[in-house]
Amino acid sequence: MAISINGQDYPLPEDPRTSLLDFIRRDARLPGTKKGCDHGQCGACTVLVGGVRINSCLSLAVTHDGDEVTTIEGLGTLAAPSAMQSAFVAHDGFQCGYCTPGQICSATAMLQELAAGWPSDATADLEAAPNLTDDEIRERMSGNLCRCGAYANILAAIRDVAGESA
Amino acid sequence: MRPFDYQRAERLTHAAQLTADADTLALAGGTNLIDLMKLQVETPQTLVDIGRLSLGEIADEGAGKARGLRIGALATNTATAAHPRVRADYPVLARGILAGATQQLRNKATTGGNLCQRTRCYYFTNIDQPCNKREPGSGCGAIKGIARIHAVLGTSPHCIATYPGDMAVAMAALDATVEIASENSSRSVPVRGFHRLPGDTPERDNVLEPGEIITAVTLPAPVGGIHLYRKVRERSSYAFALCSVAAVIALEDNRFTRADLAFGGLAHKPWHDPRIADLLIGNEPSLALFDKAADLLLEDAQGYGENDFKIPLARRTLAAVLCEATGVEP
C-alpha cells in the first residue's frame, strides 16, 4: 500500500480525503507541485501518473496505490535539468513562476502525446499524425493558466524542445 | 470535504451492491465528483472506487458491416477520442470529446463518469444558494437570477439547469446505447433517453437507479456521412458549450438522406428532436429549409433573461452546421 513518487515509495495517507496534490506536498514533502485553484481549472498541480498528465488536485491519493507519479522534482535537478526545464529558463517562460512546475510537467507529457499521435481539438485531420503548429500547442496547453501571461515565451520554449526532438 | 468511508470495489457485483445504498456514490475518474465533494455539494457517507474494475476496454461489437464499437465505462475520454475506429468511423464523437475540458481532465475522465457529470449551474455548485437539484424544495435561484449558461428547452418551474457535456451530445447524434448492470440483472438504454428533463424531480439527472453501474456505451455500426461537432463557447478552449450541435449528415442527388442531429448547452439533457430529420430527409438543402428546422427545434424555447441569446444562437449554429455539411452558402 504505497505510492511511488519520483521512484521513492510513500505509504498511503490515513485520511481518504487527501488529494494526490496534498499528499505530494504535505506527506511526501515535495513542494514543487503547486496548489492554484484546487478545482482542476488552472493546471498548476499537473503531475504525471504512469507518464500521463493529470490534475493532482482532483484525484484522491488512496486511489493511487501502486501508481508511479512523477513531479517536477522528478523531471530534472538544478545540476541536470530536463530539456523542457532548460528551455523555460532560456526563453523566460515565466514571470512569478507559480504555474511553471505544472506548465513544464504538462508540456513534457504533451510532447509524448503528440509523438503517440493523439489528436486535439486543433487537429485538422483526425486520421493523420498531428502537426506541431502553434495552434496545436496552444490548444494542448489550454489546461495550464498563467496569470502573468508568459504564454508567448512558454510557446517558444515548447517549440524549442519539440524542434530538437523532431 | 466531509469525511467518508473509502472502499475499493473488487468486482462489478460488489460495486453494484454497495452503490444500492442511497448515501453511497461510485468514484471513477473523479474529475467532477471530487470537485463537488470539495464544495460539499456531494456528501457521500461511502465512496466506492470502481476505477480498477475491468471496464476500460474499447472493442468491436459484432462483425462485418454491422460492426459497432463498445466503449467500456472506464475507458478514458482520451482513449476514446484517440481510438483509431472512433477517429475513422465516428469522428463526431472524437470531435465532441476533444472540444471539451483539457488534456489533463480527459486523461482522467471516463465514459460512464462523463455521462453522469452534473450541471455547472452556479446555484447548484454553491451550497449557500437555493437549488432544487441539490436540495429539493429549496427553490431555484437561476430562474430569476444569473442564468447565462442555462437551458431554453425542456425547462421546468423547478429547474433550468443544463447537462454540460459534449461527449453525450455526440453519442446522442450517433444513437448510441448505454449498458447498465445491477447486482442481478442488466439493461440497455438509448443515450437519447438516458438523461431526463427536470420536471418536478430535478434532483434526478438521469434514469440510473441506486445499485446500477454503467458498464459501457455501444455505438451502432458506422453510417458514414459527414460528421460535424460545432461548439460555441465563451473562449476558444476549455469552456462549456453555450450551444453545441453534433451532426451526422448524408446527401444523395443533393437531397438529405440522413440528418442525425443532437444539441448541447440548451437543455437538461442532450437534445434530440426526431422531427428535424423527418423535415430534412428527402429535401434539397437551402437556407429556408434550415430556418424551418430551427423553427421546429425552438418551437417551445423559453429564455430566462440572461440566456435569451441562446435561442437565436441555436438557430444560427444549426444553420452554420447544415451549411458546412451541404455546401449551401451561409
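Every chain is numbered from 1 and lettered A, B, ... according to where its sequence line falls, protein lines coming before strand lines. These numbers come from the heavy atoms of this one structure, side chains and all, not from hydrogens, waters or symmetry mates.
- Contact between B/Leu98 and A/Glu139 at its shortest, heavy atoms only, is O-OE2, 4.1 Å.
- Atom CD in B/Gln103 sits 8.5 Å away from atom OG in A/Ser106 (nearest 0.5 Å).
- Checking side-chain atoms of B/Lys38 against main-chain N and O of A/Asp38 turns up a donor-acceptor pair under 3.5 Å.
- Ranked by heavy-atom pairs shorter than 4.5 Å toward chain B, the options A/Ser19, A/Pro119, A/Pro16 are led by A/Pro119.
- Atoms CD and OG, from B/Gln104 and A/Ser142 in turn, are 8.0 Å apart once rounded to the nearest 0.5 Å.
- Note: B/Pro3 leads B/Gly30, B/Gly51, B/Ala94, B/Pro3 in heavy-atom pairs under 4.5 Å with chain A.
- With rounding to the nearest 0.5 angstrom, the CD1 atom of A/Ile54 is 5.0 Å from the NZ atom of B/Lys108.
- Each of A/Val62, A/Asp65, A/Thr63 was evaluated against B/Asp49; a single residue qualifies, A/Thr63, per the side-chain contact (heavy atoms from CB on, under 4.5 Å) test.
- A/His39 contributes atom NE2, which lies 5.0 Å from atom CG of B/Leu39 (distance to the nearest 0.5 angstrom).
- The shortest distance between side-chain heavy atoms of B/Arg95 and A/Leu126 falls below 4.5 Å.
- For B/Leu27, the part lying near chain A is the side chain, with the backbone staying farther off; criterion is any non-hydrogen pair under 4.5 Å.
- With B/Asn107 contributing its side chain and A/Val52 its backbone, the two residues share no donor-acceptor pair below 3.5 Å.
- When the candidates B/Ser236, B/Ala101, B/Ala88, B/Pro91 are compared by the number of heavy-atom contacts under 4.5 Å with chain A, B/Ala88 comes out ahead.
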- Query: Can A/Leu58 and B/Leu105 be said to form a side-chain contact (heavy atoms from CB on, under 4.5 Å), step by step?
  - Reply: CA-CA 9 Å; A/Leu58 290 184; B/Leu105 291 168; 3.8 Å; yes

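- Atom CD1 in B/Ile34 sits 9.0 Å away from atom SG in A/Cys57 (nearest 0.5 Å).
- Contact count against chain B (heavy-atom pairs under 4.5 Å) is highest for A/Glu113 among A/Glu113, A/Arg140, A/Met110.
- The closest side-chain heavy-atom distance from B/Leu47 to A/Leu60 is below 4.5 Å.
- In this structure, B/Arg87 contributes its side chain and A/Glu127 its backbone to no donor-acceptor pair below 3.5 Å.
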- Query: B/Tyr6 and A/Arg17: side-chain contact (heavy atoms from CB on, under 4.5 Å), yes or no, with the steps?
  - Reply: CA-CA 9 Å; B/Tyr6 173 81; A/Arg17 292 177 295 179; over 6 Å; no

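- Note: A/Ser120 leads A/Gly40, A/Ala122, A/Ser120 in heavy-atom pairs under 4.5 Å with chain B.
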